[in-house]
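First up is the structure itself, then whatever we jot down about it.
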Amino acid sequence: QVQLVESGGGSVQSGGSLTLSCSASQYTHLYHMAWFRQAPGKEREGVAAIAVVGTSRHADSVKGRFTISQDTAKGTLFLQMNSLKPEDTAIYYCATASTYRGPDYLTLESHEYDYWGQGTQVTVSS
């Protein structure tokens, strides 16, 4: 039902920054959302999640470097990525849920999400 589109990916040198955006192409009423990533040869992992009211949780691997945020008025999700490292290289996906679980609910478990974007490539070189 919901289509998500990511943008903002690209190539950057180690230590650089990128900002990813995710917009709903058909619906703007979204529940808890998250960013996931999948690196070559690796399984998908949760990067950051955000609740409806804006509380957030970040994976230990990106804590202090990445910040998830949202513009509820526009229905847009963001991921500000600073101090990028080569190990951050991956396809980044945004996701949202089909079930409302409360204003402060969030999770980094992939099975809690039902709608996924097509992904945007982030490449960090040394």
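- The minimum heavy-atom distance linking Ser83 with Ser17 is given by the pair N-OG, 4.3 Å.
- For CD of Gln121, the number of neighbouring non-hydrogen atoms (other residues, nucleotides, ligands) closer than 6.0 Å is greater than 12.
- For the pair His32 and Ala51, the tightest heavy-atom approach, listed with the atom from each and the gap, is CB-CA, 4.5 Å.
- Among Val62, Leu108, Leu79, the single residue meeting the side chain to side chain contact (heavy atoms under 4.5 Å, CB included) criterion with Trp35 is Leu79.
- Thr55 and Leu106 make their closest contact through O-CD2, 3.2 Å (heavy atoms, listed as atom of the first residue, atom of the second, distance).
- Atom CG of Leu84 is separated from atom CZ of Arg65 by 6.5 Å, given to the nearest 0.5 angstrom.
- Hydrophobic clustering, defined by side-chain heavy atoms of Ile, Leu, Val, Met, Phe, Trp and Tyr closer than 4.5 Å, groups Trp116 together with Phe36, Ile91, Tyr93, Tyr113.
- Closest non-hydrogen pair, Cys22 versus Leu4, comes out as SG-CB, 3.9 Å.
- Residue Ser21 holds its OG atom at 8.5 Å from CG of Leu77, rounded to the nearest 0.5 Å.
- Among all heavy-atom pairs drawn from Ser14 and Lys85, the shortest one is OG-CA, 4.3 Å.
- Gln38 places no side-chain N or O within donor-acceptor distance of the main-chain N or O of Ala90, the cut-off being under 3.5 Å.
- No single ILVMFWY cluster, assembled from side-chain heavy atoms under 4.5 Å apart, contains both Ile68 and Tyr105.
- Rounding to the nearest 0.5 angstrom, the gap separating the CZ atom in Arg57 from the CD1 atom in Ile50 is 12.0 Å.
- Residue Phe78 holds its CZ atom at 10.5 Å from CE of Met33, rounded to the nearest 0.5 Å.
- Checked by atom type and distance alone, the side chain of Glu6 pairs as donor or acceptor with a backbone atom of Cys94 at under 3.5 Å.
- Contact between Met81 and Val122 at its shortest, heavy atoms only, is CE-CG2, 3.8 Å.
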Step by step, work out the side-chain contact (heavy atoms from CB on, under 4.5 Å) result for Arg37 and Ser61. CA-CA 12 Å; Arg37 68 184 181 185; Ser61 60; 3.5 Å; yes
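- Listed for the Thr19 side chain is no donor-acceptor partner under 3.5 Å among the backbone atoms of Gln80.
- Aromatic rings of Phe66 and His58 (six-membered ring for Trp) have centroids beyond the 6.0 Å cut-off, not under it.
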